[in-house]
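Take a look at the structure set out below.
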Amino acid sequence: MKSIAALQAIVTATPFDGEPSNAELDAIETEMPLILADVDLLDAQIMTIDRTPTELDQQRIRRARRRVLAARRDLANRAATLTVSGGAA
C-alpha cells in the first residue's frame, strides 16, 4: 500500500501529535456549559422520538432549550466583554 504523505516540507514541518493544544483545551472548557446544555436538550428530544411527548416531556424540552439559550447568551456576553476590555489599551 502506498503512503499518501505530503511531499512538501512546509506542509509537514510541524508534525501533528494528535493532542489538543492548551488554547484548544481552554476553548473547550469555556464552552463546556453550552456543550452540556446541548447534550441535555438532545437527551430530552431523544426520549420523545418514538412516542407522543407528554406535558412533562414538553416541559423538559422547554427547560433544556432555555438552558441552551442562557448558555449561548452567557458565552456571547463573555466574548463581547473580552473583546471590549481586551481592545482598550
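Under the 3.5 Å distance criterion, the side-chain polar atoms of E31 are left unmatched by any main-chain donor or acceptor of I28.
Hydrophobic clustering (side-chain heavy atoms under 4.5 Å, transitive across Ile, Leu, Val, Met, Phe, Trp, Tyr) groups L41 together with L75. Hydrophobic clustering (side-chain heavy atoms under 4.5 Å, transitive across Ile, Leu, Val, Met, Phe, Trp, Tyr) keeps L42 apart from L36.
Residue pairs meeting the salt bridge (charged side-chain N to carboxylate O under 4.0 Å, His left out) criterion with at least one partner in residues 68-81, sequence neighbours excluded, are absent.
Between the CE atom of M47 and the CD1 atom of I61 there is a distance of 8.0 Å, given to the nearest 0.5 Å. Residue D40 holds its CG atom at 12.0 Å from CD1 of I35, rounded to the nearest 0.5 Å.
Residues A71 and L34 share a closest heavy-atom pair of CB-CA, 3.7 Å. In terms of heavy atoms, T52 sits closest to D57 at O-OD2, 4.5 Å.
With sequence neighbours left out, the salt bridge (Lys or Arg N to Asp or Glu O under 4.0 Å) criterion links E29 to no other residue.
Inter-residue side-chain proximity for T48 and R60 is flagged as unmet; no heavy-atom pair is nearer than 4.5 Å. Looking only at side-chain heavy atoms (C-beta outward), Q58 and R63 stay at 4.5 Å or farther from each other.
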Please step through side chain to side chain contact (heavy atoms under 4.5 Å, CB included) for the pair R62 and R67, ending with a clear verdict. CA-CA 9 Å; R62 281 194 304 268; R67 281 193 296 268; over 6 Å; no

